[in-house]
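Heads up: the structure comes next, in structure tokens.
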Amino acid sequence: MVDVVMAPCSPVECRTAVVIDVLRATSTIVTALSNGASGVIPVKTIEEALKKRKEGVLICGERNAQKPKGFDLGNSPLEYRKEKISGKTIVLTTTNGTQVIERIRSEEIIAASFLNLSAVVEYLKSKEDILLVCAGTNGRFSLEDFLLAGAVVKRLKRNDLGDGARAAERYFESVENTREEIKKHSSHAKRLISLGFEKDVEFCTTEDLFKTVPTLVNGVFILKEFP
Ligand SMILES: O=C(O)[C@H](CS(=O)(=O)O)OP(=O)(O)O
Ligand SMILES: [Mg+2]
């Protein structure tokens, strides 16, 4: 079975969970690891993140889309350049993406974005029980997350779709240009653009820049080798 859930407020169960926060947490996680970070540790609070400072990590993330005081990097994937993050462990706290992870009960959790769309689809081909978990925005529906979920469902070509997966696939099929759809209709994208993050929206809606699939292992997103 393949299904899609949006901004779950209580725990969700499956074997393989795919966390999706296109704007911007999972795009940031994929970029950080693809550019050489050794791991990304998602944490819930700013305090939790700052406590890890003594472990020699980079403290990163946002509140209200901006970098909190005392943090090394914000939540813009464009900040995660090789020269800044190569070989470093990133501690990341964001409003939506890093919060939804703790509601997932699964054997494995991977992170998806448009940036690694094809790699994620390839990875999921051998999996049976898949739940695409869209982070949403502040507990509400996020068009950009649902659209990516639909793109994944469409490419998986499966018959065992739950209602959420069917709806996401139909939405994806109805859209001609995913980037334009997001820029024009996603409230989160419009907010980010109004705050000066248009380049982030452009970047996060770029397909297949990376061939990586971040996997959560003992609380840390890493890149594992897959057969
Ligand atoms: O930085 C982001 O894109 C958002 C924060 S906000 O909704 O713009 O305030 O965080 P995320 O957890 O990546 O959705
Ligand atoms: Mg988001």
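First listed ligand is number 1; within each ligand, the first listed atom is number 1. Just so it is clear, the model here is predicted, and its values are computed rather than measured.
With a 4.0 Å cut-off on non-hydrogen atoms, Thr28 does not touch ligand 1 at all. When non-hydrogen atoms are compared, ligand 1 lies under 4.0 Å from the side chain of Glu62 (C-beta onward) but not from its backbone. Only the side chain of Asp21 comes within 4.0 Å of ligand 1, judged by heavy-atom distances. With a 4.0 Å cut-off on non-hydrogen atoms, Gln99 does not touch ligand 1 at all.
A salt bridge does not link Glu79 to Lys84: none of the charged nitrogens lies less than 4.0 Å from a carboxylate oxygen. By the 4.0 Å N-to-carboxylate-O rule, Lys183 lies close enough to Glu198 to be salt-bridged with it. Ionic pairing of Asp72 and Arg53 is present here: one or more N-O contacts between side-chain nitrogen and carboxylate oxygen are shorter than 4.0 angstrom. The pair Arg105-Glu13 fails the salt-bridge criterion, with no side-chain N (NZ, NE, NH1 or NH2) lying under 4.0 Å from an Asp/Glu carboxylate O. Look at Lys127 and Glu108 and you find a salt bridge, because one of the NZ, NE, NH1 or NH2 atoms lies within 4.0 Å of a carboxylate O, short of that distance.
Residue Gly97 has at least one nitrogen or oxygen atom sitting less than 3.5 Å from a nitrogen or oxygen atom of ligand 1, judged on distance alone. Taking any N or O of Leu192, backbone or side chain, none lies under 3.5 Å from an N or O belonging to ligand 1.
Residues satisfying the side-chain hydrogen bond (donor to acceptor under 3.5 Å, both in side chains) criterion with Gln99, sequence neighbours excluded, are absent altogether. A search for side-chain hydrogen bond (donor to acceptor under 3.5 Å, both in side chains) contacts involving Glu128 returns nothing, not counting sequence neighbours.
Those atoms of ligand 1 with a heavy atom of Asn96 less than 4.0 angstrom away are 7 (O), 10 (O), 11 (P), 12 (O), 14 (O). In summary, the atoms of ligand 1 found under 4.0 Å from a heavy atom of Leu23, numbered by their order in the structure, are 3 (O), 11 (P), 13 (O), 14 (O). Interface of Ala25 with ligand 1, defined as ligand atoms under 4.0 Å from a residue heavy atom, comprises 13 (O).
The side-chain heavy atoms of Thr93 and Thr45, taken from C-beta on, include no pair separated by under 4.5 Å.
Looking only at heavy atoms of the protein, atom 7 (O) of ligand 1 is closest to His188 NE2, 3.2 Å. Of the protein's non-hydrogen atoms, the one nearest atom 6 (S) of ligand 1 is Arg191 NH1, 3.3 Å. The nearest heavy-atom contact from the protein to atom 3 (O) of ligand 1 is Arg24 NE, 2.9 Å.
No donor-acceptor pair closer than 3.5 Å links the side chain of Arg155 to the backbone N or O of Glu122.
Vertex the Mg ion (ligand 2), arms ending at OD1 of Asp21 and O of Leu23: the angle is 90° after rounding to 10 degrees.
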